Peer 1: 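Here it is, the structure, as structure tokens.
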Amino acid sequence: MNRLKRIVLRIWKAARDHPIAVITWVIILGGWEIAAHLAPESTIEQAPLVPSWEYVFTDSLPALSGGWTRDFWAPVPQTGGEETYLGAFLALADHTQATVVRLAVGLFAGVTTGVFTGLAVSYWPWVRQMAWAPLNLLRMFPLLAAIPLFQFWLGGTLKGTTAFIGFGVWVLLVVSTINSVSNVPDRYIENARTLGASRFRTYRSIVVPAALPELRTGLLLSAGLSWSLAVGSEYIGATNGLGNILAVAEFTTNTGRMMIIAVVISIAALSTFFILNSLFNHLVRWVPQAPSSVRRVAAAGSLGGTLEK
Amino acid sequence: MVQDIVESGSAADVTFDGVWCVFEHRSGRLVHALEEVSFTVPAGQFVAVVGRSGHGKSTMLRVLAGLQPPTTGAALINNVEVLGPAAERSMVFQQDTVFPWMHVRDNVEFALKARGMAKAERLVISDRTLEHVGLTDFADSWPRELSGGMRKRVALASVMAAGSNVWLMDEPFGSLDYFTRRNLHELLLEIWEETHKTIFFVTHDIEEALILADRLMLVREGKLVEDMAVDLPRPRDEDVRASPEAVALTKAILDELGIEDSSAADISEAE
């Protein structure tokens, strides 16, 4: 009881400290519920255009347990078992894990090969000349249009989906790395050269670390992109994963399920973003820390307040 | 003690032999950054290069550093032509060039690592150098944790540890406050008096040039318009800098650079 009280108190305190955030969420959730009641009735049974929260939690969520196929922990609806919330959460976790594995392998491969390609292109003029035209062509290529090609070449397997994710991330990181390297201030390079460093040492010890901070944008963009690519490739050709159950939800026209899966994908993508961001922050811990814009505005506000008094 | 730190050899003679540096502006106009500049500086001299901004002081230093090839003519160190950057001619830049991703000690050891020196040997040199510039307690700090003056000390320590024979200093203390600058002047003079490296110090601050140098080169519109000795006694404290000789020198510099200075003229007349 005490524990529950503590949780309620903590939520209340958070809400009191961030009233604007609370109001925003109330507007979004309340607005959705109102839209659910105002939306015209769908011609397809069991498929409201805008599902109400009650429909999402009492109908769509337990129905997701249909995706749980292992004969332990929760009943398996496909073999006559009942639909349960536990089964739904287990099914969601199972499919999320499948997508995360594909994403992690593809993202890691794409980031490492992308950064290395970008560094090689920047270092060797002949590689730059060779790669310039194909790279510019690839960065303009619509990635989703390449899904069928990858499915055809490598199948809807782990290999096919990770290769596709890796390819998309690779293109982004190559371009991002080339830009970061070209923006390294000359003064660091000149200082290293006058201290006797060779061209290779200057590149390895000066250009690469100096380019890192600017690589942040490309890396964080790749986190979001990799989720789109993972879900996109699973949507079309995989037999499991969040993209696959999204395709099933669309097939059964269950908008509530689509919504739940979309929320799970958003949370997972946000988590990827935060993990990459904190790993990157550690890597560039030497960069002078600027106060965040929010804090700056707050400081300016408090200064204004003091002056007015 | 400093001699122990800067283990590689002595200072070096520096010669500029008819150096021209001509750049083409985007408009197609030719800009003469240096015109027929010639001089010889014997080893161990402290030279200040003084002039207005954009008149070729930094280009002179960049040619010496090997960062800017001359259009015609040559820069020579001990009669060997400068063909590119090398650790024998290290530079302290106007901007902050301390590598922010390396700890202070790694910055100081950078040139030694580039030379392939063993870790134990590097440690001995960096310890002594850091002690000399007063940064022993900050060896493991990030540059972002230091003040501007301390970062300039790191830059000085890097050049010291590199064992360069010629030190090229391009308005290194220009961005610092008066008191920090004075402290760094003292430190630099202390190092120079012990090592007698050849130092080229670019500045547009005449007082700074008079405190530090024993020879002044005045640069105007890319030409070396005057090359004069500074025979003021050392240390050059406020009394020395206020002496009639120093005032007369200041006035001569201002005249050469085409700048009227009424205060210097007034003091001179009053004397």
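From a predicted model like this one, the values you see are computed outputs, not experimental measurements. Letters A, B, ... mirror the listed sequences (proteins, then strands); counts begin at 1.
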Peer 1: On a heavy-atom basis, which atom in B:K113 and which in A:R201 lie closest, and how many Å separate them?
Peer 2: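 Shortest heavy-atom contact: O-NH2, 3.3 Å.
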
Peer 1: Salt-bridged, B:D205 to B:R181, with N to O below 4.0 Å?
Peer 2: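 Here B:D205 pairs with B:R181 in a salt bridge, since their nearest N and O are under 4.0 Å apart.
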
Peer 1: Pick one of side chain, backbone, both or neither for B:V92, based on which atoms fall under 4.5 Å of a heavy atom in chain A.
Peer 2: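 It is neither, since no heavy atom gets under 4.5 Å.
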
Peer 1: Using side chain to side chain contact (heavy atoms under 4.5 Å, CB included), reason through B:V166 and B:E88 one step at a time and then give a plain yes or no.
Peer 2: CA-CA 6 Å; B:V166 181; B:E88 63 163 358; over 6 Å; no

Peer 1: Could you tell me which portion of A:I206 (side chain, backbone, both or neither) has an atom closer than 4.5 angstrom to a non-hydrogen atom of chain B?
Peer 2: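 Both the backbone and the side chain of A:I206 come within 4.5 Å of chain B.
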
Peer 1: For B:L176 and B:G148, which heavy atoms make the closest approach, and how far apart are they?
Peer 2: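 So the two residues come closest at CD2-C, 3.7 Å.
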
Peer 1: Between A:R285 and A:F280, is NZ or CZ placed under 6.0 angstrom from the six-membered ring centre and within 45° of the ring axis?
Peer 2: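 A:R285 over A:F280 ring: no.
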
Peer 1: With a 4.5 angstrom heavy-atom cut-off, is it the side chain or the backbone of A:S205 that approaches chain B, or both, or neither?
Peer 2: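 Both the backbone and the side chain of A:S205 come within 4.5 Å of chain B.
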
Peer 1: Are B:W167 and B:T198 linked by a side-chain donor-acceptor pair shorter than 3.5 Å?
Peer 2: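 No.
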
Peer 1: Could you list which of residues 181-192 of chain A have a heavy atom closer than 4.5 Å to any heavy atom of chain B, in residue-number order?
Peer 2: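 Hits under 4.5 Å: A:R187, A:Y188, A:E190, A:N191, A:A192.
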
Peer 1: Who wins among A:P213, A:P209, A:A197 for the most heavy-atom pairs under 4.5 Å with chain B?
Peer 2: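 Greatest number of close heavy-atom pairs with chain B: A:P209.
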
Peer 1: Tell me if the aromatic rings of B:F200 and B:F16 count as close, with their centers under 6.0 Å from one another.
Peer 2: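 Judged by ring-centre distance (under 6.0 Å), B:F200 and B:F16 do not meet the cut-off.
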
Peer 1: Nearest heavy-atom pair of B:L64 and B:A75: which atoms, and what distance?
Peer 2: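 The pair with the smallest heavy-atom distance is CD2-CB, 4.3 Å.
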
Peer 1: Checking heavy atoms, do the side chain of A:V284, its backbone, both or neither come under 4.5 Å from chain B?
Peer 2: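 Neither the backbone nor the side chain of A:V284 comes within 4.5 Å of chain B.
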
